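Structure first, commentary second.
Naming convention: chains lettered A, B, ... in sequence-line order (proteins, then strands); numbering from 1 in each chain. Remember, predicted model here, so these are calculated numbers, not experimental data.
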Protein chains: 2
Amino acid sequence: MSFFLRLTSACEVTILVTTVVMIVKQISTRFSMAVHILSLITLSPNEVTGDYIAGSVNTNPVVIRRIMGMLKKAGLVDVRPGVGGAFLLKEPEAITLLDIYHAVNVTEDNRLFGVHEDSNVRCQVGRNIESVLQSELSEAQSAMEQRLAQTTLSQLIARFN
Amino acid sequence: MSFFLRLTSACEVTILVTTVVMIVKQISTRFSMAVHILSLITLSPNEVTGDYIAGSVNTNPVVIRRIMGMLKKAGLVDVRPGVGGAFLLKEPEAITLLDIYHAVNVTEDNRLFGVHEDSNVRCQVGRNIESVLQSELSEAQSAMEQRLAQTTLSQLIARFN
DNA sequence: TGAGATATAACCACTTTGGTTACAACTAAT
DNA sequence: ATTAGTTGTAACCAAAGTGGTTATATCTCA
């Protein structure tokens, strides 16, 4: 992408670049890994390191650190660089699956369903489909998220054998 | 991204560059396009061709044909090769958004959430996380799908202006 | 200062997606 | 029968996300 600007006087330029990408066959396993990570932190008597967590999740430590960074940014955990170890910033009774879902999915637009745009407005369907369908799909998304919000980290852990 | 600035005379220039990049991961627009296609077929007095639909959706006809093939395989429509035109195989009152959602196969193995596998079984969390989380996520997926099942094609169309 | 940990950049192979071109097969009208 | 218009696919493409990997810088405590 390139811009050619010729300025003849003092001015102020605002460039807004919006990129929207839509790809999801399945919601990323980052979510389930994040739940795994938080479960470990909750259950361990000592603070756990990224390498230890990687051993339990069975993946590369960098993958764990990437997710830990998101959980940290979301205010769910604090991680100590250098000495190592992480701890919860909220009680496991106060952390829901929805909190974790939001932490790792980084959906600024917070929309599960992609809806095609630029339909032909000269057609009745094209004029209406986007808004009508979007409101309907938002309801479906809400139903899913409300179900996630009903389960807390502590409730999940309580079901472990 | 690159900027090329050519100044024709000495002048003071203030440039404010605001870059907003939104990356949104969403369920494929195949789903919304499929709803668009079925709406057109329902509303049109004559049978509509793929090219006509492509004009309303504002995309390439092959994209439409691909989705029509999925709807055909799901038993929702019949398409006449050669002469062209498609018609519903079920009444629009009997087609729900969930039917269309399933027809276009937007999720893998009918599971919305991906869950990491091969966790370390020697760890309590690793032993339990997959089954416990999977059952919880199935509930959330179900909540979403049940909401989609509540809306029929005819109800959606009734909201068009 | 050294050991061990986190943070991050860079790169990789793989996959889905939406779009596109090309071409074969089909149907009805002429 | 020929022809025009349509559907059905195959093949290819660029863009983007994902999970993994290596390498390096930074941080903390003993």
Rounded distance (Å) that lies between atom [atom2] of [N] and atom [atom1] of [X]:
| X | N | atom1 | atom2 | result |
| --- | --- | --- | --- | --- |
| A:F113 | C:dT17 | CZ | C1' | 17 Å |
| A:M70 | C:dA7 | CE | C1' | 14 Å |
| B:E108 | D:dT18 | CD | P | 14 Å |
| A:I64 | D:dT18 | CD1 | P | 16 Å |
| B:I53 | D:dT6 | CD1 | P | 12 Å |
| B:I67 | D:dT7 | CD1 | C1' | 15 Å |
| A:D78 | C:dA5 | CG | P | 18 Å |
| B:N60 | D:dA11 | CG | P | 18 Å |

Residues B:L133, B:F113; criterion side chain to side chain contact (heavy atoms under 4.5 Å, CB included); working and verdict:
CA-CA 10 Å; B:L133 190 52; B:F113 295 91; over 6 Å; no
[X] to [Y] - nearest heavy-atom pair and separation:
| X | Y | answer |
| --- | --- | --- |
| A:T96 | A:L148 | CB-O, 4.1 Å |
| A:E47 | A:G84 | OE1-O, 4.1 Å |
| A:G126 | B:S56 | N-OG, 4.1 Å |

Quick check on [N]: is either OP1 or OP2 less than 4.0 Å from any side-chain nitrogen or oxygen of [X]?
| X | N | value |
| --- | --- | --- |
| A:K25 | D:dG17 | no |
| A:R30 | D:dT18 | yes |
| B:T59 | C:dG19 | yes |
| B:K72 | D:dG8 | yes |
| B:T29 | C:dG18 | yes |
| A:T49 | C:dG4 | no |

What residue among A:T151, A:T152, A:L156, A:I100 forms side chain to side chain contact (heavy atoms under 4.5 Å, CB included) with A:I95?
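Per the side chain to side chain contact (heavy atoms under 4.5 Å, CB included) rule, the option paired with A:I95 is A:I100, out of A:T151, A:T152, A:L156, A:I100.
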Across the strands shown, which category fits [X] at heavy-atom distances under 4.0 angstrom: base, sugar-phosphate, nothing?
| X | value |
| --- | --- |
| B:G84 | sugar-phosphate |
| A:G85 | sugar-phosphate |
| B:R66 | base |
| A:V62 | base |

Quick check: on DNA chain C, is the nucleotide nearest A:G69 upstream (toward 5') of the one nearest A:G82, or the reverse? Name the residue that is more 5'.
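Upstream on the strand: A:G82.
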Both A:M33 and B:D51 contact DNA chain D. Taking the nearest nucleotide for each, which residue is further toward the 5' end?
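Upstream on the strand: B:D51.
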With DNA chain D as reference, determine whether A:R80 or A:V63 sits nearer its 5' end, using the nearest nucleotide of each.
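It is A:V63 whose nearest nucleotide is closer to the 5' end.
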Of all the choices, D:dG8, D:dT21, D:dG19, which nucleotide is nearest to the side chain of A:S28 once you look at every atom?
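For the A:S28 side chain, the nearest candidate turns out to be D:dG19.
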Taking the side chain of A:P81 as its heavy atoms from C-beta onward, which of C:dG19, D:dC27, D:dG8 lies nearest to it?
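Within the option list, the nearest is D:dC27.
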Any chance the side chains of A:S131 and A:R127 put a donor and an acceptor closer than 3.5 Å?
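The criterion, which ignores hydrogens and geometry beyond distance, is not satisfied for A:R127 and A:S131.
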